K.L.:
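Structure provided below as structure tokens; questions to follow.
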Amino acid sequence: MSDNKEHLNFIEEIIEEDLQEGKHNGHIHTRFPPEPNGYLHIGHVKAITINFELAKKYGGSTNLRFDDTNPTTEETEYVEGIKRDIQWLGYTWNGDALYASDYFDKLYHYAEKLILDGHAYIDDSTAEQIAEMKKTPMEAGIESPYRNRPVDENLDLFRKMKAGAFPDGTRVLRAKVDMTSPNMHMRDPVIYRIKHDHHHRTGDQWCIYPMYDFAHGQSDSIEGITHSLCSLEFTHHRPLYDWFIEKLGIFPSRQIEFARMNVTYLITSKRKLLKLVEEGIVTGWDDPRMPTIAGMRRRGYPAAALREFCEKVGVAKRDNLIEIELLESCVRDELNKTSDRAMVVMDPIRITLRNYEENKTEYLTAENNPEDATRGERTMSFSRHLFIERDDFMENPPKNYFRLYPGGNVRLKNAYIISCEEIIKDESGEVTELICSYHPDSKSGNDTSGLKVKGTLHWVNAADAIEAEIREYDKLFTDPTPAGHDDKDVLDFINPNSLVINRKARLESSLSKAKPGQAFQFLRKGYYTADDEFTLEHPVFNATVNLKESFKVQK
RNA sequence: UGACCCAUGGUGUAACGGUAGCACUACAGAUUUUGGUUCUGUCUGUUAAGGUUCGAAUCCUUAUGGGUCAACCA
């Protein structure tokens, strides 16, 4: 209907309303707040693109802030990986990377202010006792016996906590909110705990650390974040987020929640992903089967395809399960435009052209990318002995088989039309060689033969074809929602054939010059990307995504 | 059993009280020196019942279904 009218998602609607009202003087500032305790995955890609694209669209910027308030689980190693992944995706954060730990002093003073104003107290109860007193969402909680401690005593104890007077777990600082709230997060949440732990940035300077709820919103506020976008499970934290802003009288960042992305055959639980690594089911966080950014990059998924995917998925609040086909479609679409073509025979059958001179070699030209003439051409050698795909020959073909069969003609891409005249088999009956003849007047670009063929095959010259390791990847799981079964573990759905290594393939010689990370379309097969381990001596290609097939050979 | 959130083709997402559209998938057909790409077409949808209104996917009520929340994790 309104084709040229732009469709806004619900967050854009909120932003445009704010803009119209002149809120924050028209400034938009977002942030991406990862915890440095693991690698980024496809779910984070959505959060990253939403935050960065929204800021870009409305002339704002995006902070990268590491939410590093738990020294026990966080490491500098992850910080570097996360930075690299975001940059690879094509985004630049505002200024230097920031850290919640940069605000530990400020946060501490916020906490003292809360105590002074009677909004927080030290609780000597154990974790178990606190949990017990919170009760369940169905019934009101009960107040801690320490809840009405005098301000002076609270302050004194908090300072002693900070000074290291108490062992881990003996006391906490709690916000004094409402133990009867139906929202569990409002039942006097713990906001500081004692942890005599080494922090990846502040070292041993602190032995008390703020909890998420007392760090995240305040960090947003300190940085002047106007729109703090997070996933739906934080909805229940929003009243608390707002409560702290109000009690502290600080910049009013606004939290907005959207539904996280689920994709068929993919899992995004850090814990489960870690398990795959630890159990050796994959080779590491960057295994091309992993839905991590590092894994997808190694698989050959272009950053632009990932961005486009998120764009197409959209943003809303309802639960969703996106078909992986959409992701693959985005990858193909991008690679079709950008990758050079090459010919690779995965499972070779030898061809001998009986009427082609034994020692002759011709050099034929092939376009690198029919979608993009600026990619130029390359040269391929051609001679009497060639390889074609085993799937491209059938002794007894079905009626709509366009490929080679006894007595049939096919074109060899960029070369000649050939006719199959004789089949040679080994003792087990397997075809080992085809004796063919070629039609000298059918050369590509110069065809005067008048012959019509239905099929065009890819091929390589036996004389200079190279060998390589080709890693064929398939889905890691056999179930579209491996993490969605209460009675089963994701490991129950591992696809035993998710990696099949092919060492018998023969590749056109130009592929020896591939660079790690470079993607190609292996003609009529799929997109393949030179692995990080690719070398001239040991070429390795990863299957990125196959080409769409509207015809499947019946076996 | 409490509170909060959500409900549009197979999937995802639009339509902001006025003809339910787009993309992916699937299936046809055209083009093609890649059974790719491109192009064209087809199939399939407003959870249910009431109400408000000239008119409801949209507003109201109820029901149903799904999700989330009870870490000194984030």
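These figures come from a predicted structure and were not determined experimentally.
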K.L.:
Measuring from A/Glu311:CD to A/Arg307:CZ, what's the distance to the nearest 0.5 Å?
P.N.:
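Those atoms lie 11.0 Å apart.
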K.L.:
Please give me every residue in residues 159-166 of chain A whose heavy atoms get under 4.0 Å of an atom in RNA chain B, ordered by residue number.
P.N.:
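Of all residues in residues 159-166 of chain A, none places a heavy atom under 4.0 Å from RNA chain B.
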K.L.:
Is the closest side-chain donor-acceptor distance between A/His485 and A/Asp479 under 3.5 Å?
P.N.:
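There is such a pair between these side chains.
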K.L.:
Strictly below 4.0 Å, heavy-atom distances to any atom of RNA chain B: list the hits from residues 67-76 of chain A, or just say none.
P.N.:
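Within this stretch, A/Asp67, A/Thr69, A/Asn70 sit under 4.0 Å of the strand.
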K.L.:
If we ignore hydrogens and angles and just use 3.5 Å, is the side chain of A/Arg524 paired with the main-chain N or O of A/Phe522 as donor and acceptor?
P.N.:
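Not at all, since once roles are kept as given, no pair shorter than 3.5 Å links the two residues.
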K.L.:
When both hydrogen-bonding distances must be under 3.5 Å and the geometry is Watson-Crick or G-U wobble, what is B/rC69 paired with, if anything?
P.N.:
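Its partner is B/rG2 (Watson-Crick or G-U wobble, both distances under 3.5 Å).
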K.L.:
Identify each atom pair where a protein N or O and an N or O of nucleotides 25-31 of chain B are less than 3.5 Å apart, giving names and distance.
P.N.:
from   : atom 1 : to       : atom 2 : distance (Å)
B/rU25 : OP1    : A/Lys548 : NZ     : 3.4

K.L.:
At less than 4.0 Å, is any side-chain N or O atom of A/Thr235 found next to OP1 or OP2 of B/rC69? Yes or no.
P.N.:
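Looking at the OP1 and OP2 atoms of B/rC69, neither is under 4.0 Å from any side-chain N or O of A/Thr235.
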K.L.:
Per the atom types in the model, does the base of B/rU38 pair as donor or acceptor with the side chain of A/Glu371 at under 3.5 Å?
P.N.:
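No, the side chain and the base share no sub-3.5 Å donor-acceptor pair.
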K.L.:
Does A/Lys195 make a cation-pi contact with A/Tyr209 (under 6.0 Å, within 45 degrees of the axis)?
P.N.:
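No - A/Lys195 does not lie over the ring of A/Tyr209 by the 6.0 Å and 45° rule.
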K.L.:
Is it the case that the base of B/rU33 and the side chain of A/Ser444 share a donor-acceptor contact (distance under 3.5 Å, atom types as modelled)?
P.N.:
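Such a pair is found, so the answer is yes.
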K.L.:
Check this for me: does any side-chain nitrogen of one of A/Arg238 and A/Glu257 sit under 4.0 Å from a carboxylate oxygen of the other?
P.N.:
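Looking at A/Arg238 and A/Glu257, the cut-off is met.
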K.L.:
Any base atoms under 4.0 Å from A/Thr136, or only sugar-phosphate, or nothing? Heavy atoms, all strands.
P.N.:
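Since a base atom lies under 4.0 Å of A/Thr136, the category is base.
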